[in-house]
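Just so it is clear, the model here is predicted, and its values are computed rather than measured.
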Amino acid sequence: MSTTRLSIDRERCIGAGMCAMTAPEVFDQDPEDGLVLLLHPEPAAAQLASARMAAGVCPSGAITLGGPETGGPAEGHQLSP
């Protein structure tokens, strides 16, 4: 079974907090600047659905779901609006 890998772009993040509200076991917000913190780059199977949803609702597209081999998009695209 392949592992889904998450990556974040803190430069792109606007600090909306949707990721931390949608998947608090995977994401948090930095108390200093409010930007995304990635707690688990390779979420467990039980966390994968909420991690995907968090990537989908991120208003700035700062979260990318990728495959283990390339670190790039697992399904050929970035999950962003």
Side-chain angles (χ1 to χ4, degrees):
M1 183 169 136
S2 67
T3 302
T4 299
R5 184 155 183 82
L6 296 169
S7 62
I8 57 170
D9 183 346
R10 286 179 50 91
E11 294 290 321
R12 193 170 185 173
C13 178
I14 61 170
M18 296 301 296
C19 57
M21 288 188 286
T22 305
E25 65 281 354
V26 180
F27 302 99
D28 200 356
Q29 283 185 280
D30 189 315
E32 299 279 321
D33 58 16
L35 300 180
V36 64
L37 294 174
L38 183 56
L39 303 176
H40 299 285
E42 294 179 0
Q47 301 167 337
L48 194 53
S50 61
R52 285 181 190 270
M53 185 176 291
V57 299
C58 178
S60 64
I63 302 168
T64 302
L65 245 54
E69 297 82 23
T70 63
E75 295 158 5
H77 63 280
Q78 180 174 2
L79 294 177
S80 62

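- Of all the heavy atoms in T22 and M53, the pair that sits closest is CG2-CG, 3.7 Å.
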- request: Apply side-chain contact (heavy atoms from CB on, under 4.5 Å) to the pair E11 and L35, showing each step before the final yes or no.
  value: CA-CA 9 Å; E11 294 290 321; L35 300 180; over 6 Å; no
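- When all heavy atoms of E42 and R5 are compared, the pair lying nearest together is OE2-NH1, 3.1 Å.
- Both M21 and V57 sit in one connected hydrophobic cluster of ILVMFWY residues. Membership requires side-chain heavy atoms under 4.5 Å apart, directly or through other members.
- Judged purely by atom type and a 3.5 angstrom limit, R12 uses its side chain to pair as donor or acceptor with the backbone of S60.
- Atom CG of D9 and atom CG of L38 lie 12.0 Å apart (nearest 0.5 Å).
- Of all the heavy atoms in P43 and A51, the pair that sits closest is CG-CB, 4.2 Å.
- Of all heavy-atom pairs spanning D33 and D30, the tightest one is OD1-CB, 3.0 Å.
- Q29 approaches A20 most closely through the heavy-atom pair CG-CB, 4.3 Å.
- Atom CG of L48 and atom CG of L6 lie 8.0 Å apart (nearest 0.5 Å).
- Contact record, L39 with P24: CD1-O, 3.7 Å, taken as the closest heavy-atom pair.
- At least one side-chain heavy atom of I8 sits under 4.5 Å from a side-chain heavy atom of I63.
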